[in-house]
Amino acid sequence: MMESYLKAPKEERNGFKDKERLAKIHDLPCVVCFTKGIEQKTKTIAHHSIGGGLGLKVSDRKTCALCDWHHTRGEKGEAIHETPLHEWEEKYFTQDELIELTNKMLENNN
Ligand SMILES: [Zn+2]
Ligand SMILES: [Zn+2]
């Protein structure tokens, strides 16, 4: 695992910074609200994928657009940080899917 981690492109390694991406994500709708047709009531933030940390924060490229509600403010089962990850991912999307959807939205926004 360590070996494959070291072979990852530097953009995907922990600690990689991409302020421009984070700023653009703030202008996107929440991926969950948008895809599920839910009315978004809180602002969008960039969520960094949970689980890849080896000390440093995961790469800014491994971020997705979530509203405050689906990030931390929603009740258990709604907010990714307030729910066991596998439960949340089963209900909505895996974090890799969220990143993919966010990347598509960023492409369409250009
Ligand atoms: Zn949302
Ligand atoms: Zn987060």
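Keep in mind that the numbers below use all heavy atoms, side chains included, and drop hydrogens, waters and symmetry copies. Counting starts at 1 for both ligands and their atoms, following the listed order. Just so you know, these numbers come straight off a predicted model, no measurement behind them.
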(request) To 10°, measure the ND1(His47)-the Zn ion (ligand 2)-NE2(His81) angle for me. (result) 100°
(message) Whether Arg73 and Glu82 form a salt bridge (side-chain N of Lys/Arg under 4.0 Å from carboxylate O of Asp/Glu) is what I want to check.
(response) no
(request) Taking only Lys NZ, Arg NE, NH1 and NH2, and the carboxylate oxygens of Asp or Glu, determine whether Glu87 and Lys91 approach each other closer than 4.0 Å. (result) no
(request) Quick one: report the N, O or S atom of His70 that is nearest to the Zn ion (ligand 1). (result) ND1
(message) Salt bridge check, Arg21 against Asp60: does any charged N sit closer than 4.0 Å to a carboxylate O?
(response) no
(request) Verify the distance test for His71 against the Zn ion (ligand 1): any N/O/S atom under 2.8 Å, yes or no. (result) no
(request) Cation-pi check, Lys57 to Phe16: give yes when NZ or CZ is under 6.0 Å from the six-membered ring centre and within 45° of the ring axis, no otherwise. (result) no
(message) Suppose you place the vertex at the Zn ion (ligand 1); what is the angle out to Cys67 SG and Cys30 SG, to 10°?
(response) 110°
